[in-house]
Peer 1: 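Quick one: the structure is below, questions incoming.
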Amino acid sequence: MRVMSNAALSAIFERMADVMEILGEDRFRINSYRKVARVIGEMPTDVGVLLESGQLADTPGIGKSTLAKVEEFVRTGTITAHQELLARIPPSLLELLRIPGVGPKSVKTLYLDLRIRGIPELKQALDDSLVQTLPGFGEKKAAAIRRGIEFLEKASGRIRLDQAFAAAQLVIDYLRQLAGFERIQPAGSLRRCVETIGDVDILVCGGKATPPDAAADGQTPEQMIEFFTQAPFVERVLGAGGTKGSAIIRTQGPVVQVDVRVVPPESFGAALQYFSGSKAHNVRLREIAVKAGLKLNEYGLFEGQAMLAGAAEEEIYAKLGLDFIDPLLREDRGEIEEARKHTLPRLVRLADIRGDFHAHTTATDGSATIEEMAQAARERGYDYLGITDHSQSTVIANGQSPQRLARQIEQIHRINGRLKGITLLAGAEVDILADGTLDFEDELLADLDIVVASVHSALGAPRERVTMRTLKAMDNPYVTCIGHPTGRVIGHRDAMDLDLPAVIEHAARTGTALEVNADPSRLDLKDVHCKMAVEAGVKLALGTDAHGTGSLALMPFGVATAARGWATKGDVLNTLPLPRLRSWLKTKRP
DNA sequence: GCCGTTTTCGGCCCGACTGTTTTCAGTCG
């Protein structure tokens, strides 16, 4: 069977939707193509596998027509309907859609009236002052398009979760200087802790409704928006109205778009719900409202003119007959059905975490000593910390020889003897070598409390090889967990072409845990893979991969990722108190 | 194109802001 790429297939459906939009075809049909793209893109298992097992046909949003297209793709590697659509317009038109402010209608006009097929031609037309002469276009629109192109050329695209949190904090700290607003908090994909963030949404609650009333202390929603757009870090204002402002801001990290929205207290819950998304989740909610004869928008849940709920998110879910759904689950991945049946999982929280499984020290490429790391972990309230320095093959990180590791184990035992309030676990991040064997002999591994086995080389090898290496490593009785299982670095390096269903199945069979690396540039396993592992009964091991005391603070990103994968406290190994952890660690060993 | 304890046909989520308009279309989230 052909090994498919869900991402590639998802992109094809997305592209078909784009072309149909430019062609002006039925918007509901376009919507269903977009839904197919989303559903397939999020599937953790290869579409080809799901097609054969019949599960694809049972997936909501996938109908007969889509099934036929997927089958055709599996059989031939192409989709005729896709080719036919692409033949109807120059494919280069699609890049115009990526310009902020340029949608399908504009693309169509630009193409039909000016024969513009791509961004270079559009720039030329702008320079020649042709764009503003088009019907429905004008000077301002032309200027907006020019800025949109500049932004596209400069923007780094989606940013990492930690960068987005930092940007949000910068804005929130600034907005707090304007008195009279009760709550200011992030919404959007940031609140859901999605692994990358397109723009940062900030919700502000309060302000005086009428200017005369507000004159004394001068705070209306409009003034809040004005305050925001005049912030020193704002580089360009994209839009500003009575309740909503949008701007590009400069942070210490990347340039990022921030949207600020002001809502009255009676609508704060509805607005928070609405702006937290995801869009797919919200569409489902509004459908439920419509079926019940109600209307849901960012101001509240309404029956005719009467407001049934709005001040708190909880009320809205309750009135729709649903249990409260944690923002981390709001992706339309089954959470609405479970909420209706009152069977949502109780998600793991940061407070459940008793220790960190993955930390480096000055012995290899870390910046803090064992004692300093122990001290920092104790200050975080942990019961234990795994010291897992690199093994000898990771030369670039000053990996330890067997002799050095043996001495480090003794050192850790000595330090444990005098440490109060925390226990160090002697460990190692051991390289999984090209043939699937480990970088240390079993005799040495047996002296360790925990072993994180990781692939650090030949990540681009074929699927069979990288999968074989990982499976073989799990066969080793001393391997506690597989470190950053897919090897991806967000925005820099793709994941290995790993057969994850096979890895997860083998993890379940061998009693090996899988790491959720909490470093926001990794988040590996990622959310949908965590969900697969949880469903298979595989334990997740959360580790920050800290290379200094500060990065022990990255744990919340790991917890959020596991929770986005529906993990409960019971699914996460490092929620166990030390005695129970020790007995779990013994179960796999001979 | 998908979907159905109101439907196998006829629906399909909702509003803010902008710019080009004389009342609204396009874009975005």
Side-chain angles (χ1 to χ4, degrees), chain A residues 13 16-17 20-22 24-39 57-70 81 85 96-110 131-145 147-148 187-190 192 197-203 221-222 225 229 237-247 257-263 267 270-271 273-302 320 332 340:
Chain A
F13 277 96
M16 285 197 281
M20 288 192 292
E21 255 195 327
I22 293 172
E25 295 194 3
D26 179 68
R27 66 196 171 94
F28 297 109
R29 198 172 161 206
I30 292 165
N31 254 344
S32 65
Y33 273 69
R34 294 213 189 277
K35 181 166 185 181
V36 169
R38 178 180 69 83
V39 168
D58 294 335
T59 308
I62 310 277
K64 267 175 74 176
S65 170
T66 301
L67 222 47
K69 290 185 177 71
V70 176
L85 278 170
L96 296 176
L97 276 180
R98 291 173 46 232
I99 304 169
V102 175
K105 295 294 193 295
S106 302
V107 170
K108 190 173 187 178
T109 305
L110 288 167
V131 173
Q132 53 264 51
T133 64
L134 293 172
F137 288 64
E139 295 293 342
K140 285 187 172 174
K141 175 98 177 161
I145 293 174
R147 285 196 305 270
S189 49
L190 184 59
R192 304 201 314 282
I197 306 294
D199 48 37
V200 171
D201 293 301
I202 309 282
L203 203 58
E222 206 157 8
I225 297 303
T229 57
V237 178
L238 301 174
T243 63
K244 183 185 166 185
S246 187
Q257 180 177 334
V258 178
D259 296 336
V260 173
R261 184 80 179 231
V262 187
V263 295
S267 293
Q273 196 290 314
Y274 179 86
F275 288 107
S276 294
S278 67
K279 186 169 180 175
H281 175 91
N282 286 355
V283 167
R284 290 288 311 278
L285 243 50
R286 293 197 286 268
E287 283 170 0
I288 290 170
V290 168
K291 286 203 175 94
L294 310 175
K295 186 172 78 167
L296 178 63
N297 58 28
E298 60 260 57
Y299 298 107
L301 182 65
F302 297 91
L320 292 175
D332 189 24
R340 196 179 266 139

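Naming convention: chains lettered A, B, ... in sequence-line order (proteins, then strands); numbering from 1 in each chain.
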Peer 1: Return the nearest nucleotide to the side chain of A/E287; candidates are B/dA16, B/dG1, B/dC12.
Peer 2: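 Out of B/dA16, B/dG1, B/dC12, the nucleotide with an atom closest to A/E287's side chain is B/dC12.
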Peer 1: Quick check on side-chain contact (heavy atoms from CB on, under 4.5 Å): which of A/L301, A/N282, A/I288 does A/L296 satisfy it with?
Peer 2: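 Result for side-chain contact (heavy atoms from CB on, under 4.5 Å) with A/L296: A/L301.
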Peer 1: Say you pick atom C1' in B/dC2 and the same atom in B/dT7; how far apart are they, in whole Å?
Peer 2: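 Roughly 13 Å separates the two C1' atoms.
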Peer 1: Taking for each residue the nucleotide of DNA chain B bearing the nearest heavy atom, is the 5' side occupied by A/L134 or by A/G101?
Peer 2: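 Its nearest nucleotide lies further toward 5', so the answer is A/L134.
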Peer 1: Does A/N297 put a side-chain nitrogen or oxygen below 4.0 Å from OP1 or OP2 of B/dG15?
Peer 2: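 Checking A/N297 against B/dG15: at least one side-chain N or O falls below 4.0 Å of OP1 or OP2.
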Peer 1: With heavy atoms under 4.0 Å as the rule, sort A/S246 into base, sugar-phosphate or nothing.
Peer 2: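 Nothing: the residue A/S246, judged by heavy atoms under 4.0 Å, touches no strand.
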Peer 1: Give one of base, sugar-phosphate or nothing for A/I99, where a contact means two heavy atoms less than 4.0 Å apart.
Peer 2: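 It contacts sugar-phosphate atoms only.
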Peer 1: When you compare the side chain of A/T243 with that of A/I225, does any pair of heavy atoms fall below 4.5 Å?
Peer 2: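 Side-chain contact under 4.5 Å: no.
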Peer 1: With P as the reference atom in both, quote the distance from B/dC12 to B/dC17 in angstrom, rounded to an integer.
Peer 2: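 Rounded to whole Å, the distance is 26 Å.
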Peer 1: From C-beta outward on A/Y299, which listed nucleotide comes closest to its side chain: B/dG15, B/dT27, B/dC2?
Peer 2: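 Of the candidates, B/dG15 comes closest.
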Peer 1: Taking CD from A/Q257 and P from B/dT27, how many angstroms apart are they, rounded to a whole number?
Peer 2: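 Distance check: A/Q257 CD to B/dT27 P gives 16 Å.
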Peer 1: Please state how far atom NZ in A/K108 lies from atom C1' in B/dG26, giving the value in whole angstrom units.
Peer 2: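 Atom-to-atom, A/K108 to B/dG26, this comes out as 14 Å.
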Peer 1: Roughly how far apart, to the nearest Å, are B/dA16 and B/dG11 at atom C1'?
Peer 2: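 That atom pair is separated by 26 Å.
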Peer 1: For B/dC13 and B/dC28, measure between their C1' atoms and round to the nearest Å.
Peer 2: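 Their C1' atoms lie roughly 15 Å apart.
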Peer 1: Please work out if A/D199 contacts a base, only the sugar-phosphate, or nothing of the nucleic acid, heavy-atom cut-off 4.0 Å.
Peer 2: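 The residue A/D199 makes sugar-phosphate contact but no base contact.
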Peer 1: Calculate the interatomic distance between A/R147 atom CZ and B/dT18 atom P; express it in whole Å.
Peer 2: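 In whole Å, B/dT18 P lies 11 Å from A/R147 CZ.
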Peer 1: On the nucleotide B/dG26, are OP1 or OP2 found under 4.0 Å from the side-chain N or O atoms that A/T109 carries?
Peer 2: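 Result: no.
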Peer 1: When both hydrogen-bonding distances must be under 3.5 Å and the geometry is Watson-Crick or G-U wobble, what is B/dT8 paired with, if anything?
Peer 2: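 Checking every strand shown, B/dT8 finds no partner, since no pair has both distances under 3.5 Å.
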Peer 1: To the nearest angstrom, how far is A/L97 atom CG from B/dT27 atom P?
Peer 2: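 That distance rounds to 9 Å.
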Peer 1: Examine B/dT27: is either OP1 or OP2 under 4.0 Å from a nitrogen or oxygen in the side chain of A/S106? Give yes or no.
Peer 2: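 True: A/S106 side-chain N/O within range (under 4.0 Å) of B/dT27 OP1/OP2.
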Peer 1: Taking side-chain contact (heavy atoms from CB on, under 4.5 Å) as the criterion, tell me which of A/K35, A/R34, A/K69 meets it with A/F13.
Peer 2: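 Considering A/K35, A/R34, A/K69, a side-chain contact (heavy atoms from CB on, under 4.5 Å) with A/F13 is found only for A/K69.
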Peer 1: Can you tell which of B/dG1, B/dC13, B/dA16 lies closest to the side chain of A/Y33?
Peer 2: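 Taking heavy atoms from C-beta onward, the closest nucleotide is B/dG1.
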Peer 1: Ignoring backbone atoms, establish whether A/T66 has a side-chain N or O less than 4.0 Å from OP1 or OP2 of B/dC2.
Peer 2: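 Looking at the OP1 and OP2 atoms of B/dC2, one of them is under 4.0 Å from a side-chain N or O of A/T66.
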Peer 1: Which of these nucleotides, B/dT27, B/dC2, B/dG19, is closest to any side-chain atom of A/K140?
Peer 2: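 Selected nucleotide: B/dG19.
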Peer 1: Which listed nucleotide (B/dG1, B/dT27, B/dG29) is nearest to the side chain of A/R29?
Peer 2: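 Looking only at heavy atoms from C-beta outward on A/R29, the closest nucleotide is B/dG1.
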Peer 1: Figure out the CG/C1' separation between A/L110 and B/dT27, and round it to whole Å.
Peer 2: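 Between C1' of B/dT27 and CG of A/L110: 14 Å.
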Peer 1: Roughly, in whole Å, what's the span from CZ in A/F275 to P in B/dC28?
Peer 2: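 It is 16 Å, rounded to the nearest whole Å.
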Peer 1: Which is true for A/V36 with a 4.0 Å heavy-atom rule: it touches a base, it touches only sugar-phosphate, or it touches nothing?
Peer 2: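 Since no nucleic acid heavy atom lies under 4.0 Å of A/V36, the category is nothing.
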Peer 1: Could you tell me whether the side chain of A/S267 and the main chain of A/A270 form a donor-acceptor pair under 3.5 Å?
Peer 2: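 Looks like no, no N/O pair under 3.5 Å.
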Peer 1: Please lay out, stage by stage, how A/T109 and A/K105 fare under the test side chain to side chain donor-acceptor pair (under 3.5 Å).
Peer 2: CA-CA 6 Å; A/T109 305; A/K105 295 294 193 295; over 6 Å; no
Peer 1: Can you tell me which nucleotide in B/dG26, B/dC14, B/dA16 comes closest to the side chain of A/K105?
Peer 2: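 It is B/dG26.
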Peer 1: Please report, rounded to the nearest Å, how far the P atom of B/dT27 is from the CZ atom of A/R34.
Peer 2: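 Taking CZ of A/R34 and P of B/dT27, I get 12 Å after rounding.
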Peer 1: Among the candidates B/dG1, B/dG26, B/dA16, find the nucleotide nearest to the side-chain atoms of A/E298.
Peer 2: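 It is B/dA16.
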Peer 1: Could you check if a side-chain atom of A/V107 sits within less than 4.5 angstrom of a side-chain atom of A/I99, using non-hydrogen atoms only?
Peer 2: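 No, side chains not in contact.
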Peer 1: For the side chain of A/S65, starting at C-beta, report the closest nucleotide among B/dG15, B/dG26, B/dG1.
Peer 2: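 For the A/S65 side chain, the nearest candidate turns out to be B/dG1.
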Peer 1: Could you check A/S32 against A/R261 and say which one's nearest nucleotide on DNA chain B is further toward the 5' end?
Peer 2: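 The residue mapped nearer the 5' terminus is A/S32.
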Peer 1: Compare side-chain N and O positions of A/K64 against OP1 and OP2 of B/dC3 and report whether any pair is under 4.0 Å apart.
Peer 2: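 Looking at the OP1 and OP2 atoms of B/dC3, neither is under 4.0 Å from any side-chain N or O of A/K64.
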Peer 1: If I pick the C1' atom on B/dT23 and the same atom on B/dG29, what distance separates them, to the nearest angstrom?
Peer 2: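 So the two C1' atoms sit 25 Å from each other.
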Peer 1: Counting any heavy atom closer than 4.0 Å, what does A/A240 reach on the DNA or RNA strands: base, sugar-phosphate only, or nothing?
Peer 2: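 Result for A/A240 = sugar-phosphate.
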Peer 1: Go through B/dC14, B/dT20, B/dC13 for me and flag the one nearest to the A/K141 side chain.
Peer 2: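 My answer, after comparing the listed nucleotides, is B/dT20.
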Peer 1: Once you apply a heavy-atom cut-off of 4.0 Å, does A/K35 come out as touching a base, just sugar-phosphate, or nothing?
Peer 2: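 No contact.
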Peer 1: Using a heavy-atom cut-off of under 4.0 Å over every strand shown, decide if A/K69 touches base, sugar-phosphate, or nothing.
Peer 2: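 Counting heavy atoms under 4.0 Å across all strands, the contact made by A/K69 is with sugar-phosphate only.
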Peer 1: Heavy atoms only, 4.0 Å cut-off, all strands: where does A/G242 land among base, sugar-phosphate and nothing?
Peer 2: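 Answer is sugar-phosphate: A/G242 comes under 4.0 Å of backbone atoms only.
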Peer 1: Expressed as a whole number of Å, how far does the P atom of B/dG15 sit from that of B/dG10?
Peer 2: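 The same atom, P, in both gives a distance of 26 Å.
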Peer 1: Say you pick atom C1' in B/dC9 and the same atom in B/dC14; how far apart are they, in whole Å?
Peer 2: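 So the two C1' atoms sit 25 Å from each other.
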Peer 1: Name the nucleic acid region contacted by A/P60, choosing base, sugar-phosphate or nothing; use a 4.0 angstrom heavy-atom cut-off, strictly under.
Peer 2: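 Sugar-phosphate contact only.
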Peer 1: Measure the shortest side-chain to side-chain distance between A/K141 and A/L134 over non-hydrogen atoms and say whether it is less than 4.5 angstrom.
Peer 2: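 With C-beta onward as the side chain, the pair stays apart.
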Peer 1: Can you check the A/E21 CD to B/dG1 C1' distance for me, whole Å?
Peer 2: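 It works out to 15 Å between those atoms.
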Peer 1: Quick one: does A/Y274 reach the base of B/dG15 with a side-chain donor-acceptor pair under 3.5 Å?
Peer 2: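 Side chain to base: no pair present.
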Peer 1: Take atom P in B/dG1 and the same atom in B/dT5, then report the distance between them in whole Å.
Peer 2: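 Those two atoms are separated by 23 Å.
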Peer 1: Using a cut-off of 4.0 Å on non-hydrogen atoms, how would the nucleic acid contact of A/L296 be classed: base, sugar-phosphate, or nothing?
Peer 2: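 Result for A/L296 = sugar-phosphate.
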Peer 1: Would you mind checking if A/E298 and A/K244 are paired as a salt bridge, meaning a charged N to carboxylate O distance below 4.0 Å?
Peer 2: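 Here A/K244 does not pair with A/E298 in a salt bridge, since their nearest N and O are not under 4.0 Å apart.
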Peer 1: Would you check if A/M20 and A/L85 make a side-chain contact, meaning some heavy-atom pair closer than 4.5 Å?
Peer 2: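 Yes, close enough: below the 4.5 Å cut-off.
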